Amino acid sequence: MAREVGLLSGGQRLLVWFLLVAFPVPLVVLLWYQMGGDPREKIFIALGMMAYCWWLLAIVLSTRPRRLEQYVGLPHLYALHGMLGVAGVVAMYLHSDNLFAAGIWARNFGQWAFVLALVLPSLAVFFLSGWITDHFQAMQRLKRSLEKVLRHQLSVWIHRLNLVVVLLVWLHVHVIEKVARHLLFMVLFDICTIVTLTLYVWKKWLGPDAMETAVVVENAALNSLTRGFRLRPDKASVTARPGDFYFIRVEHSGMSREWHPFSLANAGENTLLFTIRQVGDYTRMIGQVPVGARVRLEGPYGRFDDEVAKSPAEAPLVLIGMGSGVAPLLSLAAGHPGRRIRLLWSVRRTEDAFYPERIRDLQQRSGGRMTATIQVGRFTWAKLRDTLTAEERGRGEFFMVGPNAAIISMQRTLKCLGVPWRRMHHERLTM
């Protein structure tokens, strides 16, 4: 699942560019001034060092730093992570195509790293990013077919093999005598590498043991494919805002030890309710988790509530949920009972509308400020034109949650209705 909350502000864009440009500067500048020789050769050596620094930064971003996430949002961190991987490949190609490494091991380590660095972003672009599969149905069908064989562990190993690329480049640098002889540069080079890998190991393998824990208090079928998964945190201090989501790891035999993101369907309660659609190799196992099982929590993440808070109090909120994507929108509606809210929920089958009582309760508590429309099938341009008021189209803040392709289609439809991009906020149910 990835979440988008609108365009980056000026300060946020500045931070992104600062990370891209400034992160490699210390190593690149130090190496440039310590090395002699042809300036043209040093340019391509610097490109190789920039690629290495960008991969280190990508590893740091993969740990989901909380302060950075709170400032720019998790989807922008994921987007930057992908950009760094692609930019690193381009810089590494220019580096390897214009230089000749002295020594067989320097050459081999560099070539192995380049091949692996070229394969991994290609797999990530196809399986993880949605840059291709969201826009071409044939590619989406191919991806789904391959995922039946490769399953979730492919995404896990795509990320872990980035560490192998870093290790190979680290070895490559250490066996190049004209680089390795510069002590000050090598000390800084090793410190940056060790700090990055230590942070990753702590966050991925050691840190989770210190994260918040909860117990499963309900695991009920909402229909044939969807379950209501309710947790009670062990500490009362575990709080979440409307529209937030958590990464969770179920501590139960037979379940994967990897973390998975799920959106909250409630807000302001002592328990955390997740609506989980059993369509993946991991989520299909959720029904086997018994009440009383232990769960670890990472989060909460999310900026939907921030976007509502920044919008004018009189601006209506238009919440568009697709299938199980209605869950975070219900928590958003529950958290803002004083706002005028239009909830639009599209489902594939009548039985998929599994929250009628909760929606009726929200409408009653809103005192007439919330209206809801539930229909089988997607909302078309004509349906939205007839359903939305002129004020909602002209001033409303739109929050959409659903599959990638559905979100992209809905964005285009709303754009045709005159809704600007800056008032569209969405969460895509993918990772």
Side-chain angles (χ1 to χ4, degrees), residues 13-63 65 68 77 79-122 124-125 161-200:
R13 286 195 297 270
L14 182 62
L15 175 61
V16 168
W17 282 109
F18 175 81
L19 290 174
L20 282 171
V21 175
F23 192 81
V25 165
L27 282 172
V28 171
V29 170
L30 185 58
L31 181 61
W32 182 277
Y33 281 103
Q34 283 201 308
M35 284 188 64
D38 182 7
R40 181 182 180 278
E41 180 186 36
K42 291 200 294 184
I43 288 175
F44 293 110
I45 292 176
L47 282 172
M49 189 51 54
M50 290 176 66
Y52 183 76
C53 290
W54 285 336
W55 281 319
L56 291 182
L57 180 57
I59 291 173
V60 172
L61 295 181
S62 72
T63 66
L68 197 56
L77 292 189
L80 180 57
H81 182 280
M83 290 170 54
L84 290 168
V86 174
V89 170
V90 173
M92 192 173 187
Y93 169 76
L94 294 173
H95 168 82
S96 62
D97 195 52
N98 290 276
L99 295 173
F100 183 80
I104 185 172
W105 284 113
R107 189 162 54 251
N108 287 342
F109 287 142
Q111 289 176 348
W112 296 341
F114 177 68
V115 171
L116 190 55
L118 185 63
V119 170
L120 290 180
S122 302
V125 165
L161 286 176
N162 281 322
L163 304 178
V164 179
V165 174
V166 167
L167 177 61
L168 288 171
V169 176
W170 181 84
L171 291 170
H172 170 74
V173 171
H174 270 266
V175 297
I176 300 177
E177 192 275 334
K178 66 179 179 181
V179 175
R181 68 188 178 192
H182 301 295
L183 179 61
L184 186 58
F185 166 79
M186 293 305 298
V187 169
L188 181 60
F189 177 78
D190 287 345
I191 288 175
C192 292
T193 304
I194 292 171
V195 169
T196 299
L197 297 183
T198 300
L199 176 64
Y200 182 87

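Being a predicted model, the structure only gives us computed values, none of them experimental.
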*So how far is it from L56 CG to C192 SG, rounded to the nearest 0.5 Å?*
7.0 Å

*asked:* Are the side chains of N98 and R40 in contact, using a 4.5 Å heavy-atom criterion?
replied: yes

_If you compare all heavy atoms of L161 against all heavy atoms of L116, which two are closest, and at what distance to 0.1 Å?_
O-CD2, 3.9 Å

*To the nearest 0.5 Å, how far apart are OG1 in T63 and OH in Y200?*
9.5 Å

*Would you name the heavy atoms of M92 and A117 that are closest together and state the gap between them?*
SD-CB, 4.2 Å

*Anything under 30° is parallel, anything over 60° is perpendicular, the rest tilted; go ahead and classify F109 against W112.*
perpendicular

*Would you name the heavy atoms of I45 and H95 that are closest together and state the gap between them?*
CA-ND1, 3.8 Å

*Main-chain N/O of Y93 paired with D97 side-chain donor or acceptor, under 3.5 Å*: no

*Got a sec, which residues hit salt bridge (charged side-chain N to carboxylate O under 4.0 Å, His left out) with K178, two or more places apart in sequence or on another chain?*
E41

*For G88 and A51, work out which heavy atoms get closest and say how close.*
O-CB, 3.4 Å

*What is the distance from atom CG of L163 to atom OG1 of T196, rounded to the nearest 0.5 Å?*
10.5 Å

*Would you mind listing every ring pair (Phe, Tyr, Trp, His ring centres under 6.0 Å) that reaches into residues 40-62, with sequence neighbours excluded?*
Y52-F189

*Does any pair with a residue in residues 19-43 pass ring pair (Phe, Tyr, Trp, His ring centres under 6.0 Å), and if so which ones, sequence neighbours excluded?*
none

*Distance (rounded to the nearest 0.5 Å) between Q34 CD and K42 NZ*: 11.0 Å

*asked:* On a heavy-atom basis, which atom in V89 and which in F114 lie closest, and how many Å separate them?
replied: O-CE1, 4.1 Å

*How many angstroms lie between atom CG of L197 and atom CD1 of I59, to the nearest 0.5 angstrom?*
6.0 Å

*asked:* Is the shortest side-chain heavy-atom distance between V166 and N162 below 4.5 Å?
replied: no

*Indicate yes or no: at least one non-hydrogen side-chain atom of H174 is less than 4.5 angstrom from one of M186.*
yes

*Minimum-distance pair of heavy atoms, taken over all atoms of V173 and A180*: O-CB, 4.1 Å

*Atom CG of L61 and atom CG of L84: how far apart are they, to the nearest 0.5 Å?*
6.0 Å

